[in-house]
Colleague: 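This is the structure I want to talk about, given as structure tokens.
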Amino acid sequence: MSAETISAEAQRRPQFGTRFLTDPRQVFQHNAWDNVEWSTEQEEAAQKKVQENSQPLPAEKQEEFDNRANEYWNDFYTIHENRFFKDRHWLFTEFPELAPQQKPPLDAEENLLNGEDVPSTHTETEFPGATASYRILEVGCGVGNTVFPILKTNNDPGLFVYCCDFSSTAVDLVKSNPEYDPSRCHAFVHDMSDTSADYPIPHQSLDVIVLIFVLSALHPQKMQNTINRLARLLKPGGVLLLRDYGRYDMAQLRFKKGRCLSENFYVRGDGTRVYFFTQDELHDLFCNAGLEKVQNMVDRRLQVNRGKQLTMYRVWVQCKYRKVLAPT
């Protein structure tokens, strides 16, 4: 699929929240419905289900899952390779910051006045993408289902995309993809929760950071430091984009007893872990890191399996937070 086709498709695709179920008898007419209102009874039933399965595993088992997290994610990508996730072309509708910006090039003096030329300990030759005018970092890139659509769609000659993952297997799959271009992209292995591991990018050098279903994989106690470190990488005015699992999502309600690690934090059968957020929790994480809210919304969707006549209630949280501009 060409970049022009993807861009046109993204422009045609409506944003989340535009298909409403007004007649319950029509539920199987489409594969999904947006902004589905939950009844009080449904909310209470979800709370009860979570409470029933909230007994945490012993501390030694929790420590084992934490210590072996890298192993579990490598196993996941070894098994699934690039077959598990679909490319996320919807990102350009929800997050236009990832599409071509169509900004006129700035000369060096204008860059300096706008805070773009930030002094750092790096020289231009010391990090990939140093000469780029627009830099995007995706954390938790997996096999590239976000990165490659960005590279195909965004033809901005000043664009450079960084992508990292906890799993070395995933990063190897990204680098072996025929569409991987080292002149426009740099993939690297990185544990975003490791406070001693530096990013290969100077502070205040990124325009956009993307977190798509990745923050939820961290232990809740490690989330704030992780966001603090990422916020330092953003330029003044740069944005952090997130989409992740929301409280009482179908996936949370499906967990059986013996899978809870702590409140709203679970381990899957393959050893990978997942947390289910509220809007307020994410708001606090970002604001405590010095970011200001642009968007914080819940996407409640009703997904439908028309063949099996099944309904599945999904809850996702979508956020956009901006680094405060330096005072003039």
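This structure is a prediction, so every number in the text was calculated from the model and none was measured.
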Colleague: Are the side chains of Tyr162 and Arg135 in touch, meaning some heavy atoms are under 4.5 Å apart?
Modeller: yes

Colleague: Run the side chain to side chain contact (heavy atoms under 4.5 Å, CB included) check on Gln318 and Gln295 step by step: do they pass?
Modeller: CA-CA 7 Å; Gln318 182 167 302; Gln295 179 191 68; 3.3 Å; yes

Colleague: Restricting to non-hydrogen atoms, name the atom on Phe95 and the atom on Cys319 that form the minimum distance, rounded to 0.1 Å.
Modeller: CE2-O, 3.9 Å

Colleague: Could you see if Val189 belongs to whatever hydrophobic cluster contains Phe127? Use Ile, Leu, Val, Met, Phe, Trp, Tyr and a side-chain cutoff under 4.5 Å.
Modeller: no

Colleague: Nearest 0.5 angstrom please: Glu64 CD to Glu60 CD, how far?
Modeller: 9.5 Å

Colleague: Looking only at heavy atoms, what is the nearest atom pair of Phe265 and His219, with distance?
Modeller: CZ-CA, 3.7 Å

Colleague: Would Phe277 and Tyr245 satisfy ring pair (Phe, Tyr, Trp, His ring centres under 6.0 Å), going step by step from the backbone distance to the final call?
Modeller: CA-CA 6 Å; Phe277 293 100; Tyr245 297 102; 8.9 Å; no

Colleague: Can you list the steps and then say if His190 with Tyr199 is a side chain to side chain contact (heavy atoms under 4.5 Å, CB included)?
Modeller: CA-CA 8 Å; His190 187 83; Tyr199 288 91; 3.3 Å; yes

Colleague: Could you give the distance from CD1 (Ile212) to SG (Cys141), rounded to the nearest 0.5 Å?
Modeller: 12.5 Å

Colleague: For atom CD of Glu52, decide whether the heavy atoms of other residues, nucleotides or ligands shown that lie under 6.0 angstrom number more than 12.
Modeller: yes

Colleague: Kindly compute the distance separating OG (Ser262) from OH (Tyr275), expressed to the nearest 0.5 Å.
Modeller: 7.5 Å

Colleague: So which heavy atom on Lys222 is nearest to which on Asp66, and how close?
Modeller: NZ-OD2, 3.4 Å

Colleague: Are side-chain heavy atoms of Leu151 and Asp181 found at a separation under 4.5 Å?
Modeller: no

Colleague: Quick check: closest heavy atoms across Val324 and Gly290, and the distance to 0.1 Å?
Modeller: CG2-O, 3.6 Å

Colleague: Donor-acceptor pair, distance only, cut-off 3.5 Å: does the side chain of Ser176 make one with the backbone of Leu173?
Modeller: yes

Colleague: Taking the six-membered ring for Trp, is the centroid-to-centroid distance between Tyr248 and Tyr313 below 6.0 Å?
Modeller: no

Colleague: More than 12 foreign heavy atoms under 6.0 Å from CD of Glu263: is that the case here?
Modeller: no

Colleague: Please report the interatomic distance CG(Leu98) to OG1(Thr146), rounded to the nearest 0.5 Å.
Modeller: 8.0 Å

Colleague: Does the side chain to side chain contact (heavy atoms under 4.5 Å, CB included) test come out yes or no for Met223 and Glu281, once each step is laid out?
Modeller: CA-CA 11 Å; Met223 291 179 183; Glu281 287 172 341; over 6 Å; no

Colleague: So among Leu206, Leu240, Val139, which one has a side chain to side chain contact (heavy atoms under 4.5 Å, CB included) with Leu233?
Modeller: Leu206

Colleague: Distance-only, no hydrogens or angles: does the Tyr180 side chain make a donor-acceptor pair with backbone N or O of Ala187 under 3.5 Å?
Modeller: yes

Colleague: Show the nearest heavy-atom pair for residues Val214 and Gly140, with the distance to one decimal.
Modeller: CG2-CA, 3.6 Å

Colleague: Indicate yes or no: at least one non-hydrogen side-chain atom of Leu234 is less than 4.5 angstrom from one of Val239.
Modeller: no

Colleague: Under a 3.5 Å cutoff, is there a donor and acceptor pairing between the side chains of Asn228 and Gln224?
Modeller: yes

Colleague: Does the side chain to side chain contact (heavy atoms under 4.5 Å, CB included) test come out yes or no for Lys293 and Phe286, once each step is laid out?
Modeller: CA-CA 8 Å; Lys293 184 178 80 169; Phe286 297 139; over 6 Å; no

Colleague: Got a second to check how far Leu159's CG is from Asn154's CG, nearest 0.5 Å?
Modeller: 4.5 Å

Colleague: Can you check whether Arg259 reaches Asn53 side chain to side chain, under 4.5 Å on heavy atoms?
Modeller: no

Colleague: Given Asp207, which partner from the list Lys323, Lys235, Arg322 fulfils the salt bridge (Lys or Arg N to Asp or Glu O under 4.0 Å) test?
Modeller: Lys235

Colleague: Taking all heavy atoms of Val208 and all of Tyr134, pick out the closest pair and write down the distance.
Modeller: CG2-OH, 3.3 Å

Colleague: I want to check something: taking the side chain as every heavy atom from C-beta on, are Cys260 and Phe255 in contact at a cut-off of under 4.5 Å?
Modeller: no

Colleague: So, Arg229 side chain and Ala197 main chain: donor-acceptor pair closer than 3.5 Å or not?
Modeller: yes

Colleague: Any non-hydrogen side-chain atom of Cys163 less than 4.5 Å from a side-chain atom of Val174?
Modeller: yes

Colleague: Does Met192 share a hydrophobic cluster with Val171, counting links as ILVMFWY side-chain heavy atoms below 4.5 Å and allowing steps through other members?
Modeller: no

Colleague: Given Tyr266, which partner from the list Val50, Thr272, Leu261, Leu57 fulfils the side chain to side chain contact (heavy atoms under 4.5 Å, CB included) test?
Modeller: Val50

Colleague: Please report the interatomic distance OH(Tyr321) to CG(Leu230), rounded to the nearest 0.5 Å.
Modeller: 15.5 Å

Colleague: Answer yes or no: is there a donor N or O on one side and an acceptor on the other, between the side chain of Arg184 and the main chain of Asn155, under 3.5 Å?
Modeller: no

Colleague: Are side-chain heavy atoms of Leu91 and Leu241 found at a separation under 4.5 Å?
Modeller: no

Colleague: Are any non-hydrogen side-chain atoms of Cys185 and Phe148 less than 4.5 angstrom apart?
Modeller: no

